[in-house]
Trainee: 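After the structure tokens below, expect a handful of questions from me.
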Amino acid sequence: MPELPEVEVSRLGISPWLLNQTINKIIVRDKRLRWPVPDEIFLAEGKTIVNIRRRAKYLLIDVGDGEIILHLGMSGKLRVIDADFPTIKHDHIDIVLGSGKCLRFNDPRRFGACLWQPKGATHTLLSKLGPEPLTDDFDTDRLVALSKGKKSPVKTFIMDNDVVVGVGNIYANEALFMSGIDPRRAAGRVSAKRYALLTAAIKEVLAKAIEQGGTTLKDFAQSDGNPGYFAQHLRVYGRAGQECEICSTEIKSVVIGQRNTFYCPNCQK
DNA sequence: ACGTGATCCTGGAAGC
DNA sequence: TGCTTCCAGGATCACG
């Protein structure tokens, strides 16, 4: 289940293999992803990859005339392998490179996406996104301003892509624990002081995860497809019934916005 | 405008 | 052992 750090680590992992390479061919074995894969992506054939960037959890492969947009959904994996390497189940798309390698997209649950945006245009999916969490555009003032009067839970608030992008369920849980805020608390009833703590916690937990190569639960493989990475230490996520590391109180779980939520009833108020 | 909830999909785990 | 059921997850869309 790739969150922002996993996508960033994927970007870093695949970039050296893709940059300055010509796209010889794009093979779409199954276009039934989150949205049907549009024929426009074939416009990238014959073009050279000049940049690979990330926006939220989207990867953008720039070929000059436009960008291929990739989203890993929750079960998507990218591997860079030899183009003639035998395919396995759910290998939906190949981007075949001049080097003989290919970027192969595998996604069992097909929640991922492969789309196209022409040069200068911004796909509607990307046009309304909030700021990147690791930039200065995401700060305490923004959380304080946008949360005014909001009755929905603070956890739902920080997972809202209009507020800030890239905060998924795992890191939302962890950041709220780190800042001592009860995830059920109404967003409008969190003080500015505590929003400062939360802002810092979000930045810290995401940055640390990127450093460590991404938190790796069951669905993430690094770009070379090899395991051999270690899951980042999670303090509340998935730990219901276990003791809080700080105070030994039992970690509770509750569903918020249809998402499993974990917190320490003693440390988080 | 705001908030809640259904929905997409599959594999792995848990339950019977 | 083999079946069924449940669950996970991001993001959109429909509805109250």
Side-chain angles (χ1 to χ4, degrees), chain A residues 1-11 29-38 54-60 69-78 87-93 105-115 117 122-133 143 145-175 183-190 202 206 209 214-221 227 231-232 234 236-241 253-262:
Chain A
M1 49 195 84
E3 292 218 25
L4 184 142
E6 286 76 13
V7 178
E8 179 63 13
V9 170
S10 292
R11 187 184 73 80
R29 296 188 191 82
D30 194 340
K31 60 167 65 176
R32 299 172 305 159
L33 299 183
R34 178 75 166 84
W35 298 278
V37 178
R54 180 188 58 74
R55 176 73 173 105
K57 294 177 185 172
Y58 297 92
L59 283 174
L60 297 119
I69 302 171
L70 289 176
H71 194 291
L72 300 178
M74 61 168 293
S75 58
K77 288 175 198 160
L78 291 171
T87 58
I88 57 174
K89 203 173 179 184
H90 309 305
D91 277 343
H92 303 313
I93 297 173
F105 178 70
N106 179 290
D107 186 10
R109 294 178 206 180
R110 309 210 315 270
F111 271 32
C114 179
L115 301 163
Q117 69 180 12
T122 302
H123 197 284
T124 49
L125 284 171
L126 304 175
S127 62
K128 293 174 203 159
L129 294 172
E132 288 289 325
L143 289 188
L146 292 180
S147 64
K148 278 217 160 45
K150 277 242 188 316
K151 289 173 184 165
S152 51
V154 60
K155 177 166 179 258
T156 306
F157 176 64
I158 59 167
M159 290 179 71
D160 182 345
N161 277 339
D162 297 342
V163 176
V164 57
V165 302
V167 182
N169 198 33
I170 296 173
Y171 297 115
N173 277 293
E174 295 298 311
R184 299 167 297 181
R185 176 176 285 273
R189 293 187 160 269
V190 174
I202 289 170
L206 292 176
T215 297
T216 49
L217 301 182
K218 56 192 169 193
D219 274 332
F220 177 65
Q232 186 189 27
L234 301 175
V236 284
Y237 184 83
R239 295 193 66 235
S253 73
V254 66
V255 174
I256 297 177
Q258 301 165 273
R259 292 287 171 265
N260 211 349
T261 302
F262 303 88

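Predicted model only: the values in this text are computed from it and were never measured. Naming: A, B, ... by sequence-line order, numbering from 1 per chain.
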Trainee: Enumerate the protein-to-nucleotides 1-5 of chain B contacts in which both atoms are nitrogen or oxygen and the separation is below 3.5 Å.
Mentor:
{"residue": "B:dG3", "atom": "OP1", "partner": "A:K151", "partner atom": "N", "Å": "3.0"}

Trainee: Can a side chain N or O of A:R32 be found less than 4.0 Å away from OP1 or OP2 on B:dC8?
Mentor: no
Trainee: Find the distance A:K57:NZ to C:dT12:C1' and express it as a whole number of Å.
Mentor: 14 Å
Trainee: Rounding to a whole Å, what distance do you find between A:D160:CG and C:dA11:C1'?
Mentor: 11 Å
Trainee: Rounded to whole Å, please give me the gap between NZ in A:K77 and P in B:dT10.
Mentor: 15 Å
Trainee: Where do A:R109 and A:S75 come nearest, in terms of heavy atoms and distance?
Mentor: N-OG, 3.0 Å
Trainee: State, yes or no, whether a side-chain contact exists between A:F157 and A:L146 at a heavy-atom distance under 4.5 Å.
Mentor: yes
Trainee: Measure from CD on A:E6 to P on C:dA8 and round the result to the nearest Å.
Mentor: 18 Å
Trainee: Return no unless some side-chain N or O of A:H90 is found under 4.0 Å from OP1 or OP2 of B:dG11.
Mentor: yes
Trainee: Measure from CG on A:D107 to P on C:dG10 and round the result to the nearest Å.
Mentor: 14 Å
Trainee: Which nucleotide, C:dG10, C:dT12, B:dC9, lies nearest any side-chain atom of A:R259?
Mentor: C:dG10
Trainee: I need the CG-C1' distance between A:L33 and B:dC8, as an integer number of Å.
Mentor: 12 Å
Trainee: Using a cut-off of strictly less than 4.0 Å, decide whether A:K128 has a side-chain nitrogen or oxygen near OP1 or OP2 of C:dT12.
Mentor: no
Trainee: Within this structure, what is the CG-to-P distance between A:N169 and C:dA11, rounded to whole angstrom?
Mentor: 12 Å
Trainee: Taking the side chain from A:E3 and the backbone from A:I170, do they hold a donor-acceptor pair closer than 3.5 Å?
Mentor: yes
Trainee: Counting heavy atoms from C-beta on, name the nucleotide in B:dG11, B:dT10, C:dG10 closest to the side chain of A:R110.
Mentor: B:dT10
Trainee: C:dA11 phosphate, OP1 or OP2: any side-chain N/O from A:H71 under 4.0 angstrom?
Mentor: yes
Trainee: Could you give the CD1-to-P distance, from A:I170 to C:dA8, as a whole number of Å?
Mentor: 12 Å
Trainee: Any side-chain to backbone donor/acceptor pair from A:N169 onto A:N173? Under 3.5 Å, distance only.
Mentor: no
Trainee: Is it true that a side-chain atom of A:S152 and a backbone atom of A:K150 form a donor plus acceptor pair closer than 3.5 Å?
Mentor: no
Trainee: Within a strict 4.5 Å, meaning less than it, do heavy atoms of the A:F105 and A:L33 side chains meet?
Mentor: yes
Trainee: Do any N or O atoms from the side chain of A:R259 and from the backbone of A:T261 form a donor-acceptor pair under 3.5 angstrom?
Mentor: no
